[in-house]
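Contents: one structure, followed by commentary.
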Amino acid sequence: MRLKHSLFVFLSAVFLLISSAFAALSDVTVDTLKRQQSLLNTLASSSEWLGLLHFRTDSLSPTGYSSFIDDPSFFLAETGKVDAEAELEATLQAMVSENRGIRESVVCHFPLRKKWLEAQLPNISTLQAPLSCPEYLQWREEVNAAKVSLIFPAAYLNSPSSMFGHTFLRFDPANVEDDSEWLSWALNFGATINGDDNSIFFAYRGLAGGYPGQFSMMRYFEKIKEYSYMENRDMWEYRLNLTPEEVERMLMHLWELKDVRFKYYFLDENCAFRLLELLEIARPSSPLTSKFPLTAIPADTVRAVIEGRYVAERRYRPSEAVLLKERIRRLDESERELAYLVAENPEMMASLDFSALPLSRQGAVAQTAYSYNRYEQRKTQRSPDLARRSFKLLQRISQLPADSVEPAIPEPPETGHGSTMMGIGGGSRDGDAFTQLQFRYSYHDLLDRQEGYPRGAQIIAGDAQFRFYENDNWELHRFDIINIISQSPVNKFLRPLSWRVQAGFERVWSDFGGDKAYQVNGGAGRSYDVAEGLSLFGFLTARLEHDPEYKTWITPAAGISTGYLLNLPWGFQSTRVEGEYFSSDEIRYRGVLEQNFDFAQNHAFRAHLSQEWNRSDGRWEAGIVYRYYF
Amino acid sequence: MRKMMLAVGFLSMTSGAFAEAPGGPDCGWGNMLFAGESGLPIHLLATITNGTSGNNTFGMTSGTNGCSANGVLTYGGSSLVNLTPIMDEFSEDVARGHGDALTTVAVALEVKQEDRARFNQVMHDNFNQLFPSENVTAEQVMKSVIDVMKTDTRLSKYAA
């Protein structure tokens with residue numbers, strides 16, 4: 001690829017020379033172009049051309065515009081990154097060149113530019129002449145795309161970085177219903193990772209744009225294995241209503257981006273944003289990227305694509321973990337016990353307990369045990385013992401009636417509340433009334449409306465609350481930089497750790513220092529589903545606190561937190577009791593009752609009642625806030 | 001902002017297994033029952049940036065993807081089928097008699113729509129021949145698949 005790249009740099013340099021020594025190239029078509037300078041101006045500033053070059057407004061660029069793409073191999077003109085007109089001229093010069101080799105290499109590298117110019121400039125005969133691009137055609141045939149689907153692997157618990165979701169595309173052949181979409185090609189935009197980097201460096205570079213982002217393609221089954229099997233993420237498949245012509249445009253442009261290196265930024269120029277660009281190329285009349293000037297959270301972009309009327313059909317692909325949970329759910333208590341035993345020791349299938357079951361129930365029990373083993377294996381290297389047990393179960397399953405489960409389809413991600421939230425409300429603290437304003441940048445907390453979000457997961461990034469007390473000024477009441485909770489329920493089969501982490505500023509009820517605390521805290525614990533919609537949780541917690549009015553700079557503390565989360569018809573309710581003991585011998589504890597009332601997708605009320613104590617005194621508080629999500 | 005991102009990255013690292021560098025020699029995603037692929041490359045950055053590791057290709061030709069370098073399943077064309085990346089799923093589908101992995105293998109072998117049910121049934125009935133032990137290799141399984149098909153009147157034409 002290096003070679004090709006330098007060839008292009010060389011070629012574009014040649015063209016610049018040619019155009020400056022204009023007379024040297026006494027081609028009629030170039031004369032034609034020269035006479036049509038105003039037409040060139042118009043073309044170069046058209047939204048289609050700017051779209052093909054991935055231009056956006058850029059105040060730092062001398063032209064006021066620049067391309068998202070930094071890779072020089074994407075441009076023929078030396079100034080192509082900032083000058084759309086120079087790039088247009090260079091492209092045209094090459095595409096009408098007398099030298100067939102130059103013509104071919106540029107046309108075949110930029111098939112969509114060619115197609116567009118051909119339509120815009122019908123009078124230039126050289127542009128209209130057919131050229132064959134065997135490499136492109138071979139690839140196009142291999143990809144075999146007649147339909148395009150947008151795939152959204154949802155978040156999974158215990159991995160906050162997955163909670164924003166991911167998006168990629170899948171290209172299906174025309175007859176995919178008859179065949180296997182497992183073999184369809186998936187198009188992914190992601191960072192290209194150097195496996196030698198150490199892990200922390202990894203994360204930092206990935207987020208700060210230090211890794212090159214690239215499109216890559218793989219068979220869809222690899223994606224299924226990655227998300228559904230390995231990471232236990234449900235997948236949502238949105239088949240798009242692109243016309244064959246639009247699919248063609250998308251593929252042609254994809255070819256132009258084949259080896260292009262983007263910078264990858266986690267928050268804005270990420271997978272979701274790049275796919276929106278592709279959709280815009282396919283259907284220029286329907287702008288999408290302009291809706292995401294700051295961040296492109298995949299779940300939000302899915303909503304935008306649906307609102308932009310791109311989607312024909314939606315399908316749900318449950319993760320392996322969801323299937324396992326459904327299998328467990330369909331067993332009765334004694335069958336569950338049996339499945340657990342059989343998973344550990346397949347020889348138990350010879351027991352009376354097992355053989356007394358009807359064949360279909362034997363199948364269900366053996367399949368549950370097998371799925372459970374598989375789920376467990378996921379986390380380790382292959383072990384001969386586990387493989388032997390799994391194989392024994394599989395042998396038995398092959399002799400028993402097949403057991404298929406179809407879990408209930410959850411609410412799709414696009415029905416979820418918006419990921420940014422503003423709130424206004426008020427309340428009273430010890431009889432002192434206050435007004436409260438809140439802005440939460442993202443994303444979802446445990447009490448927010450459940451639809452479209454994973455259960456038991458909270459991820460808050462950037463949440464500011466301001467208060468105005470009577471006879472006082474506005475003050476910052478609380479600021480969460482991050483506040484993440486992962487509560488996955490423990491049962492007989494699955495014993496995940498629940499955990500939480502929070503960092504930020506808050507007002508505390510302290511009898512030692514002031515009320516301002518800059519703090520970071522975390523906890524580990526367990527969560528249990530005790531009834532439908534009711535879960536209990538308990539955490540051991542640790543905290544580091546900086547109080548500017550207290551003599552030690554950092555004060556550590558240890559504590560506990562326990563409570564319940566209850567799903568009521570009008571919204572989630574939670575009560576928690578927690579306390580901390582500080583190294584300074586300070587003690588604080590509190591009880592908090594919160595109730596969410598969600599009356600629409602993007603509207604809710606949140607009420608709270610709390611009491612805080614320290615060694616000498618207590619204070620209470622009650623309040624209610626209206627929340628608007630967008 | 002930077003602070004927040006770092007923290008998020010750090011968190012997910014502690015919560016996920018960090019078995020080995022991504023993109024191991026076979027780039028396998030957890031082929032656990034049957035040997036042949038490396039364990040589990042759950043890797044942090046791949047999750048955060050949705051990245052792929054090494055072996056980045058553009059689907060230019062089949063089989064160049066590092067995860068399945070020695071011959072890939074294809075639509076039409078080649079009947080050289082490499083089962084390795086989907087061995088677990090295939091074995092489970094054969095045991096049950098249906099499923100996506102079974103269909104995938106049928107498609108790769110160019111078994112026509114009207115013979116797919118037959119294909120599923122024959123594979124299912126011959127589970128023990130296809131999978132004699134947990135140490136069977138993908139090549140052996142593929143050979144057995146072809147052998148079994150050859151003995152069936154309706155499937156033999158695909159196994160020639």
Side-chain angles (χ1 to χ4, degrees), chain A residues 139 142-144 158-162 166 173 178-180 182-183 185 188 190-193 195 199-200 202-204 206-208 211 214-219 221-222 225-226 229-230 258 264 266 271 374 377-382 387-388 390-391 394 397-398 402 461 481-482 484 499 501 503, chain B residues 2-13 15-19 21-23 29-30 32-33 35 39-40 42 44-54 56-62 65 67 72-73 75 85-86 91-92 94-98 100 103-104 107-108 113 124 127 133-134:
Chain A
W139 173 78
E142 171 73 27
V143 174
N144 196 6
N158 271 330
S159 171
S161 57
S162 84
H166 175 45
D178 301 339
D179 289 332
S180 169
W182 274 36
L183 293 174
W185 285 103
N188 189 68
T192 308
I193 305 153
S199 36
I200 291 176
F202 246 21
Y204 173 70
L207 296 164
Y211 280 105
Q214 243 180 321
F215 284 104
S216 61
M217 296 184 76
M218 65 284 294
R219 299 288 182 175
F221 74 75
E222 293 180 49
K225 293 189 72 164
E226 177 179 354
Y229 289 66
M230 301 302 298
K258 183 161 64 91
Y264 193 98
F266 180 47
C271 61
R374 223 184 117 75
Q377 280 171 331
R378 195 181 56 92
K379 288 181 269 183
T380 57
Q381 295 285 333
R382 180 182 193 263
R388 184 191 61 81
S390 301
F391 182 69
L394 210 50
I397 289 168
S398 75
I481 300 169
I482 54 159
I484 296 169
W499 56 272
V501 139
Chain B
R2 172 175 298 179
K3 208 172 191 177
M4 176 201 102
M5 295 179 213
L6 270 177
V8 172
F10 179 69
L11 272 175
S12 58
M13 199 174 60
S15 69
F18 223 157
W29 287 110
M32 292 306 163
L33 208 179
L40 149 109
I42 283 191
L44 165 69
L45 194 65
T47 313
I48 291 184
T49 60
N50 305 304
T52 46
S53 48
N56 221 338
T57 69
F58 206 65
M60 185 50 216
T61 51
S62 57
N65 189 321
C67 294
V72 81
L73 299 154
Y75 269 116
I86 58 164
S91 65
E92 191 178 340
V94 170
R96 282 196 307 229
H98 63 88
D100 284 336
T103 310
T104 301
V107 170
Q113 187 68 23
H124 177 69
F127 177 88
S133 85
E134 72 269 25

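Counting all heavy atoms, side chain and backbone alike, A:L394 lies closest to B:S91 at CD2-OG, 3.4 Å.
Within the 4.5 Å cutoff, the side chain of A:I397 has no heavy atoms near those of the B:F127 side chain. Contact check for B:I86 versus A:W182: side-chain heavy atoms found under the 4.5 Å cut-off.
Evaluation of the side-chain hydrogen bond (donor to acceptor under 3.5 Å, both in side chains) rule for B:H98 yields A:S404 as partners, not counting sequence neighbours.
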